[in-house]
Number of protein chains: 2
Amino acid sequence: MHSFTEENYLKTIYYLATRQEGEVTTNALAEMTATKAASVTDMLRKLADKQLIHYRKYQGVRLTEEGERLALKIIRRHRLWEVFLVQKLGFGWDEVHDMAEELEHIRSDELVERLDVYLEYPQFDPHGDPIPTPTGTMPATGYQKLSEIQTGTSVCIMGVLEHSPEFLQHLARTGLTLGCSLTLREINAFDKSLLVQIQPETALFVSHDVARNLLVA
Amino acid sequence: MHSFTEENYLKTIYYLATRQEGEVTTNALAEMTATKAASVTDMLRKLADKQLIHYRKYQGVRLTEEGERLALKIIRRHRLWEVFLVQKLGFGWDEVHDMAEELEHIRSDELVERLDVYLEYPQFDPHGDPIPTPTGTMPATGYQKLSEIQTGTSVCIMGVLEHSPEFLQHLARTGLTLGCSLTLREINAFDKSLLVQIQPETALFVSHDVARNLLVA
DNA sequence: TATTATTTTTAGACTTGCCTAAATTTTTTA
DNA sequence: TAAAAAATTTAGGCAAGTCTAAAAATAATA
Ligand SMILES: [Mn+2]
Ligand SMILES: [Mn+2]
Ligand SMILES: [Mn+2]
Ligand SMILES: [Mn+2]
């Protein structure tokens, strides 16, 4: 079996690999896991010994097939638990991350598959992130950042890239929730803020910082 | 905060204290936690430092008020998660213990209280054990062991003292489930086995070993 | 390309929870 | 009640995961 810590590292490597081209660096991992580079190096050696990552000293890391399979398994658990916490227990989407961070490590495949049945096979978690399949593949979504679409386009909010409670609460307060449809009216040339129409009668300004963390389709 | 290990020790001390008179011994703890006496001594010193137990060298231990409050909190979590696993996910009562053993350590009071609401405030877990209140008191039950009632008495099965999958599966196979009512017909003088009637037409023999692990009222 | 600056790794150490072996205390038995 | 047995604690050590400080490798810059 693998420790909580190993599972968290695998998940973090997966996450960073999808965000940047090329190998994942020691420093990036240290920042994400809130540890020091020296500690990361220790763990990388251990994960490499277990054949979960490809690791060449000073050259960064990449998940092996087995490592990616495991990472996706943990992500699947995390996202299913988040669905449970929001849909069944009534938590807000800004409250569930830390609990899911612990629940994802409960060691039972049977448990997570029964949870999937119970939740009626959800495709997405409360943040719009796709839920990996039991066999370990990540469904593709093809969403775009709101900051990257053309003026005049009408789209639907499908997900968020930033998961901090502050950001999620801000969205909830301004009415920008998952599934909400909107039309991009104009982009301010000065600060790149966006004017979006969410109701026939209501339009609002969205900062570029918010827009590049909102996924739409 | 307290570690998983500390929480498990507190729970074990609570459990042993309810079974035997007087202080809980180092060896008893070593056996229950599947560790060695020397390791137990280390942990006892640590728990005593944190004021969670009363500990005098060579004299055994006893929970402090704070220690008991914490133990009951973990037991409450354990039993609520067991109810969830059986009632919502459809697990058998013989399958849930190990998962609950991990779930009980998820650090969120809000989570367990919402779970309680969601499960509609259950009073007992799938093994008939009472669920401690949020404020940390253990409801009394006053059940008797089946091995200790009089011939001719009619009773209802309310709980089990042994939680091993083997025992629980044996009960399920012989039809001795929670809530099942039965009448004690006779007690075999030779091996203390019991003849119990569970239907107007069906009676069956129950070994003394089984009977002293069945709680009735 | 030689010299800085940055990144990464190594060396050595700490904490937690566990172990074995030996010493000590308590309990039992002769 | 003294010796033997059992229970418990102490001593010393190990693995996981973390840290700081120093060394080594790579990248950036003059
Ligand atoms: Mn985690
Ligand atoms: Mn999520
Ligand atoms: Mn436990
Ligand atoms: Mn139970």
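No experiment lies behind these values; they were computed from the predicted model shown.
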* Listed partners of B:T33 passing side-chain hydrogen bond (donor to acceptor under 3.5 Å, both in side chains), at least two apart -> B:T35
Protein-nucleotides 23-27 of chain C N/O pairs closer than 3.5 Å?
residue : atom : partner : partner atom : Å
C:dT24  : O2   : B:Y58   : OH           : 3.4
C:dT25  : O4'  : B:Y58   : OH           : 3.4

* Asked: Near DNA chain C, under 4.0 Å by heavy atom, which residues of residues 47-55 of chain A?
  -> A:Y55
* To do: Please answer whether the main-chain N or O of B:L184 pairs with a side-chain N or O of B:E186 as donor and acceptor at a distance below 3.5 Å.
  => no
* Asked: side-chain hydrogen bond (donor to acceptor under 3.5 Å, both in side chains) with B:H105: which residues, sequence neighbours excluded?
  -> B:E7, B:N8
* **Salt-bridge present (B:D98, A:R107; N to O < 4.0 Å)** => no
All N/O donor-acceptor pairs, side-chain side in residues 19-26 of chain B, below 3.5 Å, sequence neighbours left out:
residue : atom : partner : partner atom : Å
B:R19   : NH1  : B:Y15   : OH           : 3.3
B:T25   : OG1  : B:A28   : N            : 3.2

* **Backbone of B:G136 reached by a side-chain donor or acceptor of B:R76 within 3.5 Å** => no
List, with names and distances, any nitrogen or oxygen atoms from the protein found under 3.5 Å away from nitrogen or oxygen atoms belonging to nucleotides 11-16 of chain D.
none

* Find the distance B:R45:CZ to C:dT16:C1' and express it as a whole number of Å. => 12 Å
* **Pairs flagged by salt bridge (Lys or Arg N to Asp or Glu O under 4.0 Å) wherever residues 205-217 of chain B is involved - sequence neighbours left out** => B:D209-B:R212
* Could you pull out all residues at least two apart from A:E162 that satisfy side-chain hydrogen bond (donor to acceptor under 3.5 Å, both in side chains)? => A:S164
* To do: Give A:F4 one of three labels, base, sugar-phosphate or nothing, depending on what nucleic acid heavy atoms sit under 4.0 Å from its own.
  => nothing
* With sequence neighbours left out, write down each residue that passes ring pair (Phe, Tyr, Trp, His ring centres under 6.0 Å) with B:H170, or none if nothing qualifies. => none
* Apply side-chain hydrogen bond (donor to acceptor under 3.5 Å, both in side chains) to B:Y118 and list each qualifying residue two or more places apart in sequence or on a separate chain. => A:Y118
* To do: Count the heavy atoms belonging to other residues, nucleotides or ligands that lie under 6.0 Å from CD of B:E65, then report whether that count exceeds 12.
  => no
Side-chain donor-acceptor pairs under 3.5 Å in residues 48-62 of chain B, sequence neighbours left out?
residue : atom : partner : partner atom : Å
B:K50   : NZ   : B:E6    : OE1          : 3.3
B:K50   : NZ   : B:E6    : OE2          : 2.7

* To do: Could you list by number each residue of residues 25-36 of chain A showing a heavy-atom separation from DNA chain D of less than 4.0 Å, or answer none if no residue does?
  => A:T35, A:K36
* If you draw a 6.0 Å radius around CD in A:E66, do more than 12 non-hydrogen atoms from other residues or ligands fall strictly inside? -> yes
* Length of the line joining A:R56:CZ and D:dA25:P, which is rounded to integer Å -> 15 Å
* Does B:T41 make a side-chain N or O approach to OP1 or OP2 of D:dT9 shorter than 4.0 Å? -> yes
